[in-house]
Q: 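Can you keep this structure in mind? I'll have questions shortly.
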Protein chains: 2
Amino acid sequence: MENTNICPVDYVVDLISGKWKVLIIWHLKFSKKRFGQLQRNLDGVSKKVLSQHLRELEKSGLIKRDVIPSLPVQVEYSLTERGMELSTILEEINRFGSVLLKGPTIS
Amino acid sequence: MENTNICPVDYVVDLISGKWKVLIIWHLKFSKKRFGQLQRNLDGVSKKVLSQHLRELEKSGLIKRDVIPSLPVQVEYSLTERGMELSTILEEINRFGSVLLKGPTIS
DNA sequence: CAGCATCCATGGAGATACTG
DNA sequence: CAGTATCTCCATGGATGCTG
């Protein structure tokens, strides 16, 4: 997770290398979610890790964080345009990975 | 690097999450290379890590390993068809990442 | 040359408790 | 509810030496 990368590929890979990053993006792709919802959806994440990941994704402009000044506070997360773009790449990766997983290593 | 993933995306991400994986694929994309060449190209990799990565990439069918029975032994690594496919995805990621890195977080 | 065995360092992830 | 603060643990990467 080193930001000192000059390589854009490594940069993006780092972005989605976090243990839950892909899942977070996946879930937000379909609808915005609140913190607690996400935590329940990603079965097993600790709050610490979840908020770390969310902050990183936000910092790189992939997700948006909206604070709703209710009581108690609610926070909604959603994908940005860029996050949407990334999710289409993830779909490609998904297709590719599916083939890899099914087809035995023919090399 | 858990193989127990059901998610194809995570599977692929794990595949290219190793610190040098992307670079290895990148270098092999243009020409096959010997172990020592790779080690020199990826400035700073230890032999241990390099061979670990190579074995993993081979195991998942992304690269091919050819042993040339000379003295001393030479080993050539090259991309498989699947590795080539992946490298096109990496190029997309590259484009996307470049935008991310240049443009400030407009969200 | 290619690569394995060993030991060590580091940081990312988990568990838990506390707060505005 | 949505986090932050600590502490611990383990996997990954690094350094070095040995071998067919």
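Atoms considered below: every heavy atom in the structure, side chains included; atoms not considered: hydrogens, waters and symmetry mates. First the proteins, then the strands, lettered A, B, ... as listed; each starts at 1.
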Q: Judged by atom type as modelled, is there a donor-acceptor pair below 3.5 Å linking the side chain of A/Lys21 to the main-chain atoms of A/Leu15?
A: yes
Q: Looking at C/dC4, D/dG13, C/dA2, which one has an atom nearest to any side-chain atom of B/His53?
A: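 When the side chain of B/His53 is considered, D/dG13 is the closest of C/dC4, D/dG13, C/dA2.
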Q: What integer distance in Å separates B/Asp14:CG from D/dA11:P?
A: 14 Å
Q: Rounded to the nearest Å, what distance is computed from the NZ atom of residue A/Lys33 to the C1' atom of nucleotide D/dC1?
A: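 Value for this atom pair: 17 Å.
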Q: Could you state the CD-P distance from A/Glu58 to D/dA2, rounded to the nearest angstrom?
A: 15 Å
Q: Give the nucleotide from the list D/dG14, D/dC1, C/dA2 with an atom nearest to the side chain of A/Arg34.
A: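 The listed nucleotide nearest to A/Arg34's side chain is D/dC1.
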Q: Tell me if a side-chain donor or acceptor on A/Ser17 pairs with a main-chain N or O of B/Ser17 at a distance below 3.5 Å.
A: no
Q: To the nearest 0.5 Å, what is the distance between CZ (B/Arg95) and CD1 (B/Ile93)?
A: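 It is 10.5 Å, given to the nearest 0.5 Å.
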Q: In whole Å, what is the span from the CD1 atom of A/Ile68 to the P atom of D/dG3?
A: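 Atom CD1 in A/Ile68 sits about 12 Å away from atom P in D/dG3.
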Q: How many Å lie between CZ on B/Arg65 and C1' on C/dC1, as a whole number?
A: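 One finds 12 Å between C1' of C/dC1 and CZ of B/Arg65, rounded.
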Q: Between atom NZ in A/Lys19 and atom P in D/dC9, what is the gap in whole Å?
A: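 Atom-to-atom, A/Lys19 to D/dC9, this comes out as 17 Å.
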Q: What residue among B/Leu86, B/Ile25, B/Ile24 forms side chain to side chain contact (heavy atoms under 4.5 Å, CB included) with B/Leu79?
A: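 Only match with B/Leu79 under side chain to side chain contact (heavy atoms under 4.5 Å, CB included): B/Ile25.
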Q: With the threshold set at under 4.0 Å for non-hydrogen atoms, list the residues of residues 37-50 of chain B touching DNA chain C in residue-number order.
A: B/Lys47, B/Lys48
Q: Does OP1 or OP2 of D/dC1 have a side-chain N or O of A/Tyr77 closer than 4.0 Å?
A: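 No, A/Tyr77 has no side-chain N/O under 4.0 Å of OP1/OP2 on D/dC1.
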Q: In whole angstroms, how far is the P atom of D/dC1 from the CG atom of A/Asp66?
A: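 So the CG-P distance, A/Asp66 to D/dC1, works out to 19 Å.
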Q: Ignoring backbone atoms, establish whether B/Trp20 has a side-chain N or O less than 4.0 Å from OP1 or OP2 of D/dT12.
A: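 Indeed not, no polar side-chain atom of B/Trp20 lies that close.
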Q: Return the nearest nucleotide to the side chain of B/Val75; candidates are C/dC4, D/dG14, C/dA2.
A: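 The nucleotide sitting nearest to the side chain is C/dA2.
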Q: What's the closest nucleotide to the side chain of B/Phe35 if the choices are D/dG3, D/dC1, C/dG3?
A: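 Nucleotide nearest to B/Phe35's side chain: C/dG3.
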Q: Quick check for you: to the nearest 0.5 Å, what is the distance between A/Leu50 atom CG and A/Leu23 atom CG?
A: 11.0 Å
Q: Within this structure, what is the CZ-to-P distance between A/Arg55 and C/dA13, rounded to whole angstrom?
A: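 After rounding, the gap between these two atoms is 13 Å.
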Q: Mapping A/Gln52 and A/Pro72 onto DNA chain D by nearest heavy atom, which one lands closer to the 5' end?
A: A/Pro72
Q: State whether the side chain of B/Ser87 and the backbone N or O of B/Leu90 hold a donor-acceptor pair below 3.5 Å, judged by distance alone.
A: no
Q: Run the side chain to side chain contact (heavy atoms under 4.5 Å, CB included) check on B/Lys47 and B/Phe35 step by step: do they pass?
A: CA-CA 9 Å; B/Lys47 295 180 177 183; B/Phe35 188 90; 4.3 Å; yes
